[in-house]
Protein chains: 2
Amino acid sequence: MAEAAPKHDVFQAIADPTRRKLLGLLSEQEMPVTALSSHFPMSRTAVSKHLRILSEAGLVAEQKVGRETRYRLQPEPLQELRDWLGYFERYWNNKLAALKLLVESDDPASLPKGPRPLDERRE
Amino acid sequence: MAEAAPKHDVFQAIADPTRRKLLGLLSEQEMPVTALSSHFPMSRTAVSKHLRILSEAGLVAEQKVGRETRYRLQPEPLQELRDWLGYFERYWNNKLAALKLLVESDDPASLPKGPRPLDERRE
DNA sequence: TTGACATGAAACCAAATGGTTTCGTATAAT
DNA sequence: ATTATACGAAACCATTTGGTTTCATGTCAA
């Protein structure tokens, strides 16, 4: 069973600076919409829509508490970004790449098995 | 001196699957537009436009060779992505984060100095 | 010198994106 | 009971995005 059909993918979710900043704020503590939107020059509704996109990408989770909705960071999907980036590690970090991959290998899915085309998986 | 005013930022550049695949292809060898576009279901012109966006983000370099234009991967700007991601490392990889940062520290710019808000820098 | 090839520029287009304002509704406070 | 707060949904809008086709130009080959 899939993990909740990601309508928006992570790459697209983090493409917007507002959304990256939201993730940054949420990485410190969970927060309701109004608290979050106080950090932005746009309407609360706009922030709310960004949150929904993050939610669809699986990057945040919502929890209703009374009349407010708490948003909490869910960093797991960033793993995909990490994997993708991992493919290019060899370029700027040749010698240490192997070690790094080893270090990261507590998650088996995270290691690119070698110089492969990549990205063929999505779409 | 800046490195060529990045009109498109890296985050946005890699948001598109076609562009990610282009980077993948170019990571194996440099190629002219026509060779690249043979891997996509869209017109050569469309691929060309994607390449320009990658170029504006500093992710590829162009070199004219006779009547063709060779495109070559320039992975350096991915460093920014890496730095940004690094901020979230602590979440899924707590114990090993320190070691990883150490390993990566051959590039001084690459280490986030601690739990900071982040992203305040851009925009 | 006459084609064929490789490419970017231009004009165009539909759909997605990032905002807005307005409204309805649920919860909390008085 | 009434009012204020927190929020999402809806309708709307301008701009950006990702694609197309057509055209002009430069280069290689016969």
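The chains referred to below are lettered A, B, ... by the order of the sequence lines, with proteins before strands, and numbering in each begins at 1. Nothing here was measured: the structure is a model prediction, and the numbers come from that model.
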Rounded to the nearest Å, what distance is computed from the CD atom of residue B/E56 to the C1' atom of nucleotide C/dG8? 13 Å
Nucleotide D/dG18, atom P - distance to CD1 of B/I53 in whole Å: 6 Å
Kindly say if B/Q12 contacts the phosphate of D/dT17, meaning a side-chain N or O under 4.0 Å from OP1 or OP2. yes
Would you mind reading off the distance between B/M31 atom CE and C/dA6 atom C1', rounded to a whole angstrom? 16 Å
Distance, rounded to the nearest Å, where A/E62 contributes CD and D/dG8 contributes P: 7 Å
Taking only residues two or more places apart in sequence, or in another chain, which ones meet B/S55 in a side-chain hydrogen bond (donor to acceptor under 3.5 Å, both in side chains)? B/E62
Phosphate oxygens OP1/OP2 of C/dG8: is one of them under 4.0 Å from a side-chain N or O of B/S48? yes
Measure the CG-CG distance between B/D16 and B/L22 for me, rounded to the nearest 0.5 Å. 8.5 Å
Partner set under side-chain contact (heavy atoms from CB on, under 4.5 Å) for A/R72, not counting sequence neighbours: A/E30, A/A61, A/Q74
Starting at the 5' end of nucleotides 19-30 of chain C, put B wherever the base has a protein heavy atom under 4.0 Å, S where only the sugar-phosphate does, and a dash everywhere else. BBB-----BSS-
Under 3.5 Å, is there a donor-acceptor pair between the side chain of A/R70 and the main chain of A/V65? no
N-O pairing of A/R82 and A/E80 below 4.0 Å: no
Interatomic distance where CZ belongs to A/R70 and P belongs to D/dG8 [whole Å]: 13 Å
Please give, in whole Å, the distance from D/dA6 C1' to A/L36 CG? 13 Å
Under 4.0 angstrom between B/Y71 side-chain N/O and C/dG8 OP1 or OP2: yes
For atom CG of B/L51 and atom P of C/dA6, their distance in whole Å: 16 Å
Specify the separation, in whole Å, of atom CD of A/E30 and atom P of D/dA6. 17 Å
Looking at B/F88 and A/G24, what are the two nearest heavy atoms and their distance? CZ-N, 4.4 Å
For residues 31-54 of chain A, pull every pair meeting side-chain hydrogen bond (donor to acceptor under 3.5 Å, both in side chains), keeping only residues two or more places apart or in separate chains. A/R19-A/H50, A/R52-A/E56
